[in-house]
Number of protein chains: 2
Amino acid sequence: MSGIKDPRAAGLAALAGLIADETRAACLLALLDGRAWTAGELARHAGVAASTLSEHLDKLVAGGLLAQERQGRHRYVRLAGARVATLVEDLAAQLPPAEGRRPVRGLREASAGSAMARGRTCYDHLAGRLGIALTDALTARGLLRQDTGFALTEAGLGWFAAAGIPLARGGRRPLARACLDWTERRPHLAGVAGAALCRHALEAGWCERIGSERAVRVTDTGERELSALLGLSPGALR
Amino acid sequence: MSGIKDPRAAGLAALAGLIADETRAACLLALLDGRAWTAGELARHAGVAASTLSEHLDKLVAGGLLAQERQGRHRYVRLAGARVATLVEDLAAQLPPAEGRRPVRGLREASAGSAMARGRTCYDHLAGRLGIALTDALTARGLLRQDTGFALTEAGLGWFAAAGIPLARGGRRPLARACLDWTERRPHLAGVAGAALCRHALEAGWCERIGSERAVRVTDTGERELSALLGLSPGALR
DNA sequence: GGCACCCTTCGGCCGGCACCGAAGGGTCCG
DNA sequence: CGGACCCTTCGGTGCCGGCCGAAGGGTGCC
């Protein structure tokens, strides 16, 4: 009440302003898949002229939300890091479920949508029903604690070690973090452990990407391994 | 890459747009103290006309960020809930430390600032060096786990029960959550446990508010109790 | 009742910004 | 070297939204 505005207000407004545009928001949501997109791809995705999108990218890069890499005549752009991904996810998680739903048009889109709901990547970890199933299985086996917060247990650390999934500890990023799933509206494992699990699942062939999309499918190998390691019933992942 | 924009983009942009104004951002930051402010107080705080602020409040209420209560000729307004508080904190935590610092003018402001740095409320939990000290003490005693995520341990649950601080479990809100401190830039305890601890500390007289501000001071009783319960050295809280 | 106070509505002003198309520069390929 | 392609810069346009002051309505106090 000292009559003086909080000095962070300008910065906060500027940061929010970067997201407060439908075209830029669409870019950020698209980039949540963790991949690098070219400026042209994003322009087509957002439905605006290339020149318009170029200016948007300038702002997002200048604001520290995106990292860019120029290769020849292409401008590749991706989220600047896990912090930004978390931020966008958190904001999107605030949206009421009713909002942002749109009738699905056509069989192709319906099938793509259901594949996404089944399993997908969310920046660098697994989401969708697959992500939920893994998180629930870890919790049920006492490897992950959700009732008193969100953290791996000692047994959980041992499980990752036994599965041959190294966890980089001691960094600034939390080892385990809850990420609210968009389709399921339930928390799933993110953070260092979530990223490591996703990376290992793709490298070990437990999962594979469907086409060039975010959607992910569990392989036969994956079903066997996950059943053995976590007691996941094979049917739950289809 | 289907050429169709994510349907959440419009909602995300609208939500961010609510915060993407310096005046509204200043209001949200001010309301982070968890109290209810009148429209006039906020107008003076933000340095705009009452009519201008009235329209801002309409938008924030319509957007679900604020809850309002009309009493007589007053319009009281507060953050709509812990989710909103978390959202604003998370956004503010993204700001680079350099940004948003302003030279302190005068002794009065310097003393108020140092009181805030020593201890304050952050929506419904304790922050500042006091919040950090409590969180560190809980962690050092094995009551709180930060190395594998952020969660209370079994011993931690017992500590709260023994201290006579009830924890409402089973709700949607996480029991323990990390909140990044603005002045210290380190995580401290938030969530149900953080709120319960703060409430108990104020009710049991461990702490008291300084004037009508957010700043909080540890009392002599508090020093004794916290020393006995957590092994906190009295000097650390001054 | 009269008056002070808090807030809201309205009209008008102004600045900022998202958008486009055209033109231009850089890159790769044939 | 010519052409296709990707991106950027620039000028111009239109709209949205924040701001104010004046006027008005509701509330509480004397």
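Keep in mind it's a predicted model, so treat the numbers as computed, not measured. First the proteins, then the strands, lettered A, B, ... as listed; each starts at 1.
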Completion exercise
When A/Leu53 and B/Gly17 are each assigned the nearest nucleotide of DNA chain D, the 5'-most assignment goes to A/Leu53
Handout entry: Given DNA chain D, 5'-ward residue of the pair A/Gln68 and B/Gly72, judged by closest heavy atom
Key = A/Gln68
Practice task
Would you mind classifying the nucleic acid contact of A/Ala50 as base, sugar-phosphate or nothing, using non-hydrogen atoms under 4.0 angstrom?
Solution key: base
Exercise for the section: Give a yes/no answer on whether the side chain of A/Arg75 brings an N or O atom under 4.0 Å of OP1 or OP2 in D/dT8. Expected result: yes
Practice task
Could you tell me whether the phosphate oxygens of D/dC19, OP1 or OP2, come under 4.0 Å of any side-chain nitrogen or oxygen in B/Thr52?
Solution key: no
Handout entry: Side-chain donor/acceptor of B/Arg73 to base of C/dC7, under 3.5 Å
Key = no
Exercise for the section: Report yes if a donor N or O on one partner sits less than 3.5 Å from an acceptor N or O on the other, where the partners are the side chain of A/Ser51 and the base of C/dG21; otherwise report no. Expected result: yes
Practice task
Using heavy atoms to find the nearest nucleotide of DNA chain C for A/Lys59 and A/Gln71 separately, return the residue whose nucleotide is more 5′.
Solution key: A/Lys59
Rounding to an integer number of Å, can you tell me how far [X] [atom1] sits from [N] [atom2]?
X	N	atom1	atom2	value
A/Leu57	C/dC19	CG	P	12 Å
B/Arg44	C/dC7	CZ	P	8 Å
A/Leu60	D/dT8	CG	C1'	16 Å
B/Asp21	C/dC17	CG	P	12 Å
B/Glu55	C/dT9	CD	P	9 Å
B/Tyr76	D/dT27	OH	C1'	13 Å
A/Ile19	C/dC17	CD1	P	16 Å
A/His56	C/dG16	NE2	C1'	14 Å

Exercise for the section: Quick one: sort the B/His125 and B/His188 rings into parallel, tilted or perpendicular, breaks at 30° and 60°. Expected result: tilted
Practice task
Apply the side-chain contact (heavy atoms from CB on, under 4.5 Å) test between B/Leu28 and each candidate in B/Asp21, B/Leu18, B/Ile19; give the one that qualifies.
Solution key: B/Ile19
Problem - Of the listed nucleotides D/dT9, C/dC7, C/dC10, the one nearest the side chain of B/His74 - result: C/dC7
Handout entry: cation_pi(B/Arg8, A/Trp182) dist<6.0 Å, angle<=45
Key = yes
Handout entry: Close side-chain approach of B/Ser51 and B/Glu55, heavy atoms under 4.5 Å
Key = no
Handout entry: Heavy atoms of other groups near A/Arg199 CZ, more than 12 under 6.0 Å
Key = no
